[in-house]
Amino acid sequence: MTVRTRIAPSPTGAPHIGTAYIALFNYAFAKSHGGQFILRIEDTDHVRSTAESEKAILDSLNWIGLQWDEGPDVGGPKGPYRQSERSGLYQEHCMSLVEAGKAYPCFCSSERLKELRSQQMADKAQFMGYDGHCSGMSADDASKRMENGESYVIRLRVPQDGECVVQDRLRDEIRIPWNMVDDQILLKTDGFPTYHLANVVDDHLMEITHVIRGEEWISSTPKHALLYEAFGWDPPEFAHLPLLRNPDKSKLSKRKNPTSISYYQRAGILPEALLNFLGLMAYSLPDGREEFTLNDMVSSFDLDRISLGGPIFDIEKLKDFSGRYLRAMEPEQLYSRLKEWGLNETTWLKILPLARPRLEQLSDLVEMSAFLFSDRLAYDVSELINASESGERAVELLRIVQWEIEKTTCWQTDDVKQIFSLLSEKEDLKLKKLMPLFFVAFAGSSVSLPIFDSMVIMGKDMCLRRIQYALEALAEEGFALKGKGLKRFTSAYQAKYNKV
RNA sequence: GUCCCCAUCGUCUAGCCCGGUCAGGACACCAGCCUUUCAAGCUGGAGACACGGGUUCAAAUCCCGUUGGGGACACCA
């Protein structure tokens, strides 16, 4: 039996550093056993999935140096590798479960479910989840209602009592009482599968032998185990990796840390250093070496050496690693990496039209454009505060723009401009009044190159990071939104900006 | 709240499975050396077995409990 592992990202946002981390271990495990590593796109959430995001994920994983044997771009014998192109498969499989009585149609409205949930919350119920309202319906009744065109979902029939024993490669067996598991939706109203169904069907059909994924999945593993059993399939071996954490130990999140791989790319972290560093998270080579290549890791890889404490993603140490790799390069090599990174003709030709009207000496150019290549700017906090009505107001405006940037999927000058036009309109402030703050936040000075174009050159992730840096600088001076104030501001923002 | 997972320097970790070396390394920090400065480099320093009970001649290591942290509880993955 050849080992086959997979990474199954969902294309619903910026490529996440955690995806690369999980992918790395899947890759290392498969390759160390002479097996295959597969990339599958889990785009069953058709509302949130985008083609841009899918592309960004593939690009990022490629950038970091991970290559898959099968995937949507390279093809393979078990394709298609995009779940949206496999809908028929899930429906067939799901209906076979219904016929066998292992799943059932449910006609409950989302209103009823919402009510149920808030009731459970209010009662502080021990069990939160579906109450099995439709589970006892006769097959006749159900098919009648389906024929009548009523919308429905298909739910998995989960045992009422007893416990599910899950084998985890990295832990002892995990026992979860069945009454903690609710009748999971398998097929949504739109006919698309949920993660649980699609994942199990695909892992089986793609002959995945080892499911190496994040710890967040432990509690839904019983559903997956039950599905394998219902289909009469042998389950793969499960290994749940500890989650990457923020410095405050919570699960790594973009609110508290840059999580997008493309940010690290823009910031000039070397991909081999990032990969090396990720290999140090929850893992160590048997010989204790800290600097290693992907091949080094593969050749000595031992999944059982994973340590289970959730590692904090420490950017300082990542920078140190990047520095080691950089310093080891010959100047020629360094120069070519610099060009590859972005210090090249293409970039300069984008910058020059912006800089030209402002030039007196050629030498002006370097200072003028330095911020486009920087990571963290040396902020003068008083400038940040003075560029707005007050420190508090600066924080609010930066926050709004942060949220608005996150919402955009396109990143051309017009898209950027639109963000600020909206802000100007909603906040009833002229752009001239509004923009100084953002000049300082993005460029480090209220006098700079045209900011919308500059933002496009820097890229969305770097812009987001600059806001974070500016917010940090303001927080050091005591200007911050947190706790209840943040909550109140967030809902006010949503009411104001999210008009549908 | 309920269920589940986890627990060695501030951080990443070695050691744990198979009890017995001053608990080892790396980042960060501090000091010295080198150096026109800084960085890098080199040398040194400070810094951890969460707590309480067992088992044992002996516990970071095995067992139980407590505490702490984290995750999950969606027609998201």
Side-chain angles (χ1 to χ4, degrees), chain A residues 8-13 16 18-19 40-49 83 106 108-110 113-114 116-117 120-130 151-155 163-164 166 168 170-182 184-199 213-223 240-252 276-291 304-321 323-324 326-328:
Chain A
S10 163
T12 52
H16 200 278
T19 306
R40 182 174 71 224
I41 294 292
E42 307 224 327
D43 54 352
T44 54
D45 181 350
H46 67 271
V47 178
R48 295 196 305 147
S49 297
Q83 290 186 329
C106 164
C108 292
S109 65
S110 51
L113 296 175
K114 210 176 277 174
L116 179 69
R117 202 168 311 134
Q120 286 170 340
M121 293 267 253
D123 294 352
K124 294 199 174 152
Q126 293 196 358
F127 172 77
M128 312 255 276
Y130 186 61
S151 71
Y152 62 94
V153 300
I154 303 295
R155 286 182 184 273
E163 59 182 10
C164 176
V166 176
D168 182 289
L170 305 176
R171 292 159 243 265
D172 288 337
E173 37 185 44
I174 297 169
R175 297 166 171 277
I176 296 174
W178 278 119
N179 62 22
M180 290 308 298
V181 183
D182 78 343
Q184 177 62 47
I185 291 179
L186 262 20
L187 213 57
K188 302 184 248 184
T189 315
D190 62 10
F192 271 54
T194 56
Y195 168 86
H196 307 280
L197 206 222
N199 196 262
R213 63 192 350 176
E215 206 174 23
E216 60 207 348
W217 294 108
I218 288 182
S219 35
S220 35
T221 308
K223 294 169 187 172
H240 292 96
L241 262 30
L243 262 20
L244 259 25
R245 318 264 194 112
N246 296 311
D248 69 1
K249 300 198 181 213
S250 54
K251 174 173 156 182
L252 193 64
N276 186 160
F277 181 66
L278 251 14
L280 248 22
M281 297 284 94
Y283 189 69
S284 61
L285 293 202
D287 63 7
R289 247 181 317 163
E290 286 207 321
E291 278 177 55
D304 300 307
R305 285 186 63 81
I306 295 279
S307 64
L308 298 175
I312 289 170
F313 190 82
D314 178 11
I315 297 176
E316 285 309 313
K317 188 158 178 170
L318 169 61
K319 280 190 202 165
D320 175 69
F321 268 75
R324 293 191 207 186
L326 243 21
R327 276 176 247 127

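Lettering of chains follows the sequences in order, A, B, ..., and the numbering in each one begins at 1. As the structure is a prediction and not an experimental result, all values here were calculated from the model.
- Across the protein-nucleic acid pair, A/D172 atom CG and B/C62 atom P stand 11 Å apart, rounded to whole Å.
- Without hydrogens or angle criteria, A/R305 side chain to A/S284 main chain gives a donor-acceptor distance under 3.5 Å.
- Between A/K223 and the phosphate of B/A72, there is no side-chain N or O to OP1/OP2 separation shorter than 4.0 Å.
- The shortest distance between the side-chain N/O atoms of A/R305 and the OP1/OP2 oxygens of B/C16 is not below 4.0 Å.
- Nucleotide B/C27 holds its C1' atom 8 Å from the CZ atom of A/R324, rounded to whole Å.
- Of the candidate nucleotides B/A72, B/C12, B/C76, B/A72 has the atom nearest to the side chain of A/K251.
- A distance of about 44 Å separates the C1' atoms of B/G19 and B/A77, rounded to the whole Å.
- A/C108 comes within 4.0 angstrom of a base, heavy atoms only.
- Not one N or O on the side chain of A/S49 forms a donor-acceptor pair closer than 3.5 Å with the backbone of A/H46.
- A gap of 37 Å separates the P atoms of B/G1 and B/C16, to the nearest Å.
- Residue A/R213 is classed as having no contact, given no heavy-atom separation below 4.0 Å to the nucleic acid.
- Residue-to-nucleotide proximity on RNA chain B shows that, of A/D45 and A/M180, the 5′-proximal contact is made by A/M180.
- Look at the P atom in both B/C49 and B/G24: the space between them is 13 Å, to the nearest Å.
- Here A/E290 lies in heavy-atom contact (under 4.0 Å) with a base.
- If you take CD on A/Q83 and CG on A/D45, they are separated by 11.5 Å, rounding to the nearest 0.5 Å.
- Remark: B/U11 base-pairs with B/A26; criterion is Watson-Crick or G-U wobble with both hydrogen-bond distances under 3.5 Å.
- Taking only distance into account, the side chain of A/K317 meets the base of B/A26 through a donor-acceptor pair shorter than 3.5 Å.
- Spacing between atom CZ of A/F313 and atom C1' of B/U13 amounts to 16 Å, rounded to whole angstrom units.
- Within the 4.0 angstrom heavy-atom criterion, no nucleotide atom of any strand lies near A/R289.
- The backbone N or O of A/E173 lies less than 3.5 Å from no partner atom in the side chain of A/D168, so there is not a single donor-acceptor pair.
- Nearest to the side-chain atoms of A/R117 among the listed nucleotides B/A72, B/C75, B/C6 stands B/C75.
- B/U13 and B/C51 have their C1' atoms separated by 23 Å, with the value rounded to a whole Å.
- For the P atoms, the distance linking B/C5 with B/G10 amounts to 27 Å, nearest Å.
- One interatomic measurement links the two molecules: CG of A/L278 to C1' of B/U11, which rounds to 16 Å at whole-angstrom precision.
- You'll find a donor-acceptor pair under 3.5 Å spanning the side chain of A/T189 and the base of B/C75, going by distance alone.
- Pairing partner, B/A31: B/U43, with both Watson-Crick or wobble hydrogen-bond distances short of 3.5 Å.
- Under a 3.5 Å cut-off, the side chain of A/K317 and the backbone N or O of A/F277 do not form any donor-acceptor pair.
- Remark: the separation of the P atoms in B/G15 and B/C62 is 13 Å, to the nearest Å.
- Contacts of A/G288 with the nucleic acid, taken as non-hydrogen atoms under 4.0 Å apart, are absent.
- Put simply, CH2 on A/W217 is 8 Å from P on B/A77, counting in whole angstrom units.
- Put simply, CG on A/L318 is 12 Å from C1' on B/C12, counting in whole angstrom units.
- Using a 4.0 Å cut-off, some side-chain N or O of A/K188 falls inside it from OP1 or OP2 of B/C76.
- Per the geometry, CZ belonging to A/F277 stands 12 Å off P belonging to B/A28, to the nearest Å.
- Using N1 to N3 plus N6-O4 or O6-N4 for Watson-Crick, or N1-O2 and O6-N3 for G-U wobble, each under 3.5 Å, B/C17 pairs with nothing.
- Comparing B/U11, B/C12, B/A77 by their closest approach to the side chain of A/S10 singles out B/A77.
- Side-chain proximity of A/H196 to B/C75, B/U13, B/A77: nearest is B/A77.
- Rounded to whole Å, atom C1' of B/G70 lies 13 Å from atom CG of A/L244.
- Considering only side-chain N and O atoms, A/R245 lies nowhere under 4.0 angstrom from the phosphate OP1 or OP2 of B/C5.
- For A/D287, the CG atom is densely surrounded, since the number of other residues' heavy atoms within 6.0 Å is greater than 12.
- Distance from the side chain of A/I176 is smallest to B/C3 among B/C76, B/C3, B/U13.
- Across all strands shown, A/R327 has heavy atoms under 4.0 Å from sugar-phosphate atoms exclusively, and none from any base.
- Base pairing analysis places B/A59 opposite nothing; no Watson-Crick or G-U wobble pair with both distances below 3.5 Å involves it.
- Taking atom C1' in both B/C17 and B/U11, the straight-line distance is 26 Å, to the nearest Å.
- Distance noted for atom C1' between B/A28 and B/C18: 35 Å (whole Å).
- Between A/W217 and A/Y195, the ring planes lie parallel to each other; the angle is under 30°, not in the 30° to 60° tilted range.
- When each of A/R175 and A/D182 is assigned the nucleotide of RNA chain B bearing its nearest heavy atom, the one mapping closer to the 5' terminus is A/R175.
- As judged by a 4.0 angstrom heavy-atom cut-off over every strand, A/G310 is placed among residues touching the sugar-phosphate backbone only.
- Contact annotation for A/T44: backbone-only contact, meaning every heavy-atom pair under 4.0 Å involves sugar-phosphate atoms and none involves a base.
- B/G65 is paired with B/C51 under the criterion used here, namely a Watson-Crick or G-U wobble arrangement in which both key atom distances are under 3.5 Å.
- A sub-4.0 Å separation between OP1 or OP2 of B/A14 and a side-chain N or O of A/S284 is present.
- A/S151 contributes no side-chain N or O that, together with a main-chain N or O of A/T189, makes up a donor-acceptor pair within less than 3.5 Å.
- With distances taken from any side-chain atom of A/E216 to the nucleotides B/U11, B/C5, B/A72, the minimum falls on B/A72.
- A distance of 10.0 Å separates CG in A/D314 from NZ in A/K319, rounded to the nearest 0.5 Å.
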